[in-house]
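Contents: one structure, followed by commentary.
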Amino acid sequence: MAMENYRHFLFFLITSILIGFLSILFVLIWVFQWREGLAWDGGLAEFNWHPVLTVTGFIFIQGIAIVVYRLPWTWKCSKLMMKFIHAGLHTVAFVLAVISLVAVFDFHNYKSIPNMYSLHSWIGLMGVVFYTLQLVLGLCIFLFPMTPAFIRAAFMPIHVYSGLLIFGTVIATALMGITEKLFFALKNPAYKDSPPEAVFINTLGLLIVVFGGTVLWMVTRPSWKRPGEEASTFKQDGKVSSVTENELNLNSFDKATMESSSEAWKRNLKLEETGLRSTM
């Protein structure tokens, strides 16, 4: 990465992290100053875990997991190690999202409030379901050594697109959720009268949007991709040839199909160490 590109990337990275932490701080201030704090007792304080864990895990940690491949100081690390870090962060985000859902359903059941009646709840649950599917397929396809290289190559564009779509959907769902909460909670003065709580939470919404925007910008810049082995040279019948990564992967797969399972396992692990080019 050129020095100028590196400075630009660093600016967006630091900005996104600061805004992410500020968003978490805002949601904590909100629940402790205006919404009775945090507890696990079936009351409003239990419901408050929902926005806190959603912003912390499903938005901030998921955003960091998406950009982790782009960090230049990790490019010397093996691709396999980075995959474990990427998957680990997504797993933490998933666990926090599930706990936040449990808090909502427990609160609704305790207060005899109907579940799953709003658009926010529909899209939110859909996001969690698809996030689960994304995580499971990602683990099976990209971390299971026996998965053929051509399947990984075919699934990668889908994995990237669906990951960004889910991330954007989660942000949109969070914005719907905090707006819905303010409509229900603010009576006198009402939300339309712009009391301090409403202004504060509207600011939180803006912070979440800016965080999402910086993450999406970083992962869609081609010049900020993790560098891969654009071409490799090898000897075949005494001649030196040059091949692209995709050709190397497909050739390796064709050979692996004729080898034993243990040899194919080792070969796929070796491919991970050489660093398959990633779009994330």
Side-chain angles (χ1 to χ4, degrees), residues 1 5-35 37-38 48-74 82 84-101 103 120 123-124 127-128 130-131 134-135 138 160 162-179 181-182 197 199-221 224-226 280:
M1 181 183 292
N5 279 338
Y6 178 78
R7 286 198 296 264
H8 291 166
F9 175 81
L10 202 59
F11 169 77
F12 278 97
L13 178 65
I14 293 174
T15 300
S16 65
I17 291 175
L18 290 177
I19 293 175
F21 277 123
L22 192 58
S23 300
I24 296 172
L25 179 62
F26 264 53
V27 75
L28 287 172
I29 292 174
W30 178 34
V31 301
F32 279 102
Q33 181 168 336
W34 284 291
R35 296 290 120 201
L38 295 170
N48 290 341
W49 282 109
H50 181 65
V52 169
L53 295 181
T54 297
V55 173
T56 303
F58 221 17
I59 294 177
F60 179 68
I61 295 179
Q62 183 185 176
I64 298 301
I66 290 174
V67 302
V68 72
Y69 281 119
R70 299 292 176 110
L71 305 180
W73 48 87
T74 67
M82 296 311 300
F84 276 114
I85 294 173
H86 177 74
L89 289 171
H90 276 301
T91 301
V92 172
F94 169 74
V95 170
L96 296 181
V98 170
I99 296 174
S100 74
L101 282 183
H120 164 71
I123 298 179
V128 173
F130 279 104
Y131 192 76
Q134 171 89 340
L135 183 60
V160 172
S162 58
L164 297 181
L165 178 62
I166 292 170
F167 181 63
T169 300
V170 169
I171 289 177
T173 306
L175 297 179
M176 287 190 292
I178 60 179
T179 303
K181 180 63 178 179
L182 291 177
E197 181 180 358
V199 175
F200 187 84
I201 298 307
N202 285 348
T203 305
L204 169 63
L206 291 177
L207 290 174
I208 292 173
V209 170
V210 174
F211 173 77
T214 56
V215 168
L216 294 176
W217 180 261
M218 285 187 287
V219 299
T220 54
R221 297 308 93 198
W224 294 349
K225 289 180 181 178
R226 176 187 173 98
M280 291 292 290

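Note that the structure is predicted; figures quoted are calculated from it, not measured.
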Walk me through whether Tyr131 and Phe58 qualify under ring pair (Phe, Tyr, Trp, His ring centres under 6.0 Å).
CA-CA 10 Å; Tyr131 192 76; Phe58 221 17; 5.0 Å; yes
Flag yes if more than 12 heavy atoms outside Phe130 fall under 6.0 Å of its CZ atom; otherwise flag no.
no
Say you draw a straight line from OG1 of Thr15 to CG of Leu10; how long is it, rounded to the nearest 0.5 Å?
9.0 Å
For the pair Met218 and Ile66, evaluate side-chain contact (heavy atoms from CB on, under 4.5 Å) and give the outcome as yes or no after the intermediate values.
CA-CA 9 Å; Met218 285 187 287; Ile66 290 174; over 6 Å; no
Minimum heavy-atom distance Ser100-Thr54, with the two atoms named
OG-OG1, 3.7 Å
Reported CD1-to-CD1 distance for the pair Ile29 and Ile201, which is rounded to 0.5 angstrom
9.5 Å
Pairwise distance CG(Leu53) to CG(Leu101) - rounded to 0.5 angstrom:
10.0 Å
Do the non-hydrogen side-chain atoms of Ile99 and Val95 ever get within less than 4.5 Å of each other?
yes
Just do the side-chain contact (heavy atoms from CB on, under 4.5 Å) check on Val55 and Phe60 with the steps written out, would you?
CA-CA 6 Å; Val55 173; Phe60 179 68; 5.6 Å; no
Residues Gly57 and Ala93: closest non-hydrogen pair is O-CB, 3.2 Å
Closest approach of Ser23 to Ile208 (non-hydrogen atoms, all atoms of both residues)
OG-N, 4.0 Å
Do His8 and Arg221 have side-chain heavy atoms sitting under 4.5 Å apart?
no
Which atom names give the shortest non-hydrogen contact between Phe211 and Ser16, and what distance separates them?
CD1-O, 3.1 Å
Could you tell me whether the side chain of Trp224 reaches within less than 4.5 Å of the side chain of Tyr6, counting heavy atoms only?
no
With rounding to the nearest 0.5 angstrom, report the CH2 to CZ distance, Trp30 to Phe200.
10.0 Å
Could you go through Phe9 and Leu71, starting from their C-alpha distance and side-chain angles, then the distance that decides it, and tell me whether this counts as side-chain contact (heavy atoms from CB on, under 4.5 Å)?
CA-CA 9 Å; Phe9 175 81; Leu71 305 180; 4.0 Å; yes
Between Val219 and Arg70, what is the shortest heavy-atom contact and its length?
O-NH2, 2.8 Å
Below 4.5 Å, heavy atoms only, C-beta onward: do Asn202 and Leu206 meet side chain to side chain?
no
Greater than 12 external heavy atoms within 6.0 Å of Trp34's CH2
yes
List the atom of His120, the atom of His50, and the distance in Å for their closest heavy-atom pair.
NE2-NE2, 3.9 Å
d(Phe12 CZ, Ile19 CD1) to nearest 0.5 Å is 10.0 Å
What's the separation between atom CD1 in Ile85 and atom CD1 in Ile64, rounded to the nearest 0.5 Å?
13.0 Å
Decide side-chain contact (heavy atoms from CB on, under 4.5 Å) for Ile166 and Val170; before the verdict, give the C-alpha distance in whole Å, the side-chain angles of both, and the deciding distance to 0.1 Å.
CA-CA 6 Å; Ile166 292 170; Val170 169; 4.2 Å; yes
Backbone N or O of Arg35 within a donor-acceptor pair of the Asn48 side chain at under 3.5 Å?
yes
